[in-house]
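Here the structure comes first, spelled out in structure tokens, and everything after it is commentary.
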Amino acid sequence: MARLVYATRFDVAAKDGIAGVICSYRDWIVGYYRGRRALPEFNFDPEVAGSPGSLPTSHLLSSSIFHDGDERAVRIRWSFPDDADEGLRWANEVRVGQFGDRCGVEHLISIESVEYSVAPAKLILGSPRVVRDICKRFPTYVGQMQIGAEPYTLGQDGLNDLLALLQTDLRRLPVVFLSPYARGELNKVDPVKLARNLAGVAVVVQVENPELTWDFADEVGRQLACFNGAARIYWPGFSMDSDVRNHRLFLGAWIEQVGPVMAARAIERTIFAVAAFRYAPDSRIADLIRRTESAERQRLLVEKRETGDNFWADYERDLKQLDDAQDRVAELERENANLRANQQVFFAVGPGGSTDDLEQSDELDELSFSSVSEAVQVAATRLKNVELLGTAISAADASPFKRPYDIFKALTDLDEIVEAWRENREQKGNGGDLLQHLRDRGWGKRSSMHISSTTRGKFGSDYEFEYQGKRQPFEPHITLGSGDPNSCASIHFIFDQERLKMVVAHIGKHLPNTKR
């Protein structure tokens, strides 16, 4: 029973692209037999129908040619036993067709067991080298989106383009976003290897500047963002209102725990499983093959009818084959339904045969809130180092800010800063600079310990709140987003070092300043 484990489908934008693509596949297959199988005289021309001789035992290789007017397609079928597990067999089916100035390419890989052995298959999947080569050599597209086999490094000038790409209905491939750590270290996952392995089925975006990840978070919201060494898969259909659970996040701490290689494998397996599940044949190639094969059957039928050679015997045989084919189609439909139901489980198995080492959990990422008020209420019950004054709760109740999770995450960071400050004081005698603690968590240019002197002179009283029986200024603040109160909010606080409490006096609409 064969299982589809890899599927890609893309276009090469070249009028004679089929020649270059076929050449790439010929070199790939010939190189395999001459190099890995030590057959220096081996040769194979995909544009010549049939099968080459001198194949090793249990290897099958053939090509078929299809013509109809100016349209042409080549189909390559190649299967061989697994080098490490002879109980498994790998099967490649490649279909390439030229249609005007576009060359359609499909590459499917299936595996099947050829012996009964109840043992996990230790599969190491990745896009075939030939797919990577084609994506590098030619302008390659999935729909209107150009793809490649290398990661894209995101710069400040590319942020708007990325946001547009993530939300466009024309996107057909997932985007894997690799964020750096807050202090500037790059993501542990190797973006070059990841992009190479995902060639043809995903786009890898690498971010090197941590400040850029926070700019990105300002646009999509903290809950849908990706920062501090994490990786995230943004599937097609993403929007600012997407359910956070629909776009899987791989936390930086988890990547460190399981190791970058294991983490990359988990990302790849997730995408390969979905690509195989969602694969649909290129209708242009399928229609050309169907027309060509139908015309050939009709030609043979007419020829036999005219000559009378075994016509009725062949006709009866063909009817029997049709009945068998219909039974086989029904069987395959049942098998396909079963495979789809089990696809996710099949690919969840890690190299060690267990899903345990791939599990990650983070309660914060499961939380969602309908309002700032709700987020603050949850924070009040969970965060032991944060004290919310009545003015903060009332301001939160009135806030129309559309990203309440971001408020909760900021309050959570304030809570963690108190803990980190306390530990530093115990270990080093000094808790450290509060602003630096904020920067370490990515709040660099979004936080400040003071308001401007002009704002203080004109609106100073708006920043004073009553705490412990007297009014005092709450100048330290975090600003989230920008613009009107729907997209911009601020949190004003002070750090009470005696009580080890982060005291929050305002959450919500940005307080007045000389710019507003």
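Atom set for the values below is all heavy atoms of this structure, side chains included, hydrogens, waters and symmetry mates excluded. Given the structure is predicted, the values throughout are model-derived calculations rather than measurements.
In this structure, the side chain of E475 engages the main chain of I451 through a donor-acceptor pair within 3.5 Å. Remark: the backbone N or O of S487 is paired with a side-chain donor or acceptor of D484 at under 3.5 angstrom. The main-chain N or O of A182 is found under 3.5 Å from a side-chain atom of N228 such that the two form a donor-acceptor pair. Judged by distance alone, with hydrogens and angles left aside, the side-chain atoms of Y234 form a donor-acceptor pair with the main-chain N or O of L224 at under 3.5 Å. Panel note: side chain N187, backbone S179; a donor-acceptor pair is recorded below 3.5 Å. E185 places no side-chain N or O within 3.5 Å of a backbone atom of Y181 that could act as its donor or acceptor partner. In terms of modelled atom types and a separation under 3.5 Å, the side chain of R403 and the main chain of D218 share a donor-acceptor contact. Using modelled atom types, one side-chain atom of Y463 and one backbone atom of P512 make a donor-acceptor pair closer than 3.5 Å.
Atom CZ of F138 sits about 10.0 Å away from atom CZ of F10, to the nearest 0.5 Å. Of the inter-residue distances, the one linking H506 atom NE2 with S394 atom OG reads 9.0 Å to the nearest 0.5 angstrom. Between the CD1 atom in I134 and the OG atom in S127 there is a gap of 11.0 Å [rounded to 0.5 Å]. In this structure, the separation between NE2 on H492 and OG1 on T391 is 11.0 Å, given to the nearest 0.5 Å. With rounding to the nearest 0.5 angstrom, the NE2 atom of H477 is 8.5 Å from the CE atom of M449. If you take CG on D133 and OG on S24, they are separated by 6.5 Å, rounding to the nearest 0.5 Å.
The closest side-chain heavy-atom distance from F227 to V207 is not below 4.5 Å. Taking the side chain as every heavy atom from C-beta outward, I507 and S399 never approach each other to under 4.5 Å. A heavy-atom distance below 4.5 Å is found between the side chains of L438 and L414. Using a 4.5 Å cut-off on side-chain heavy atoms (C-beta onward), D440 and Q436 make contact. Looking at Y279 and E106, their side chains come closer than 4.5 Å, going by heavy atoms from C-beta outward. For the pair Q206/L186, a side-chain contact is recorded, criterion being any heavy-atom separation below 4.5 Å from C-beta on. You'll find the side chain of R172 stays beyond 4.5 Å of the side chain of M145, heavy atoms only. You'll find the side chain of E387 reaches within 4.5 Å of the side chain of R499, heavy atoms only.
Annotation for H510 and S490: closest pair CA-OG, 3.6 Å, computed over non-hydrogen atoms. Heavy-atom minimum distance, P128 versus H107: CG-CE1, 3.8 Å. The two residues G104 and D282 come nearest to each other via the heavy atoms CA-OD2, 4.2 Å. The two residues R232 and V244 come nearest to each other via the heavy atoms NH2-CG2, 2.9 Å. Smallest separation of non-hydrogen atoms from A264 and V189: CB-CG1, 4.1 Å. A pairwise comparison of heavy atoms in D406 and A217 identifies OD2-O, 4.2 Å as the closest pair.
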Practice item. Could you please spell out the steps behind the side-chain hydrogen bond (donor to acceptor under 3.5 Å, both in side chains) verdict for S373 and Q377? Key: CA-CA 6 Å; S373 178; Q377 289 173 21; 3.2 Å; yes
Exercise for review: Could you please spell out the steps behind the salt bridge (charged side-chain N to carboxylate O under 4.0 Å, His left out) verdict for D190 and R196?
Suggested key: CA-CA 10 Å; D190 187 329; R196 180 188 65 195; over 6 Å; no
Exercise for review: Test side-chain hydrogen bond (donor to acceptor under 3.5 Å, both in side chains) on S452 and T454 and set out the steps.
Suggested key: CA-CA 5 Å; S452 70; T454 53; 3.2 Å; yes
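Classification of D11 and R284 as a salt-bridged pair holds, one side-chain N sitting under 4.0 Å from a carboxylate O. Salt bridge absent: D415 and K384 never bring a charged side-chain N and a carboxylate O closer than 4.0 Å.
Annotation: cation-pi geometry satisfied between R222 and W443 (NZ/CZ under 6.0 angstrom from ring centroid, within 45° of ring axis). Judged by the 6.0 Å distance and 45° axis criteria, R102 is positioned over the aromatic ring of Y141.
Checking each of R265, K193, K188 against P260 for a side chain to side chain contact (heavy atoms under 4.5 Å, CB included) leaves exactly one that passes, namely K188.
Between F177 and F216, the ring-plane angle classifies as parallel under the 30° and 60° cut-offs. Using cut-offs of 30° and 60° for the angle between ring planes, the W28 and Y25 rings count as perpendicular.
No more than 12 heavy atoms of other residues, nucleotides or ligands lie within 6.0 Å of CD in Q144, so this atom counts as exposed by the packing criterion.
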Report, one line per pair, each donor and acceptor closer than 3.5 Å where one atom sits in a side chain of residues 147-167; sequence neighbours left out.
residue: Q167; atom: NE2; partner: L163; partner atom: O; Å: 3.1

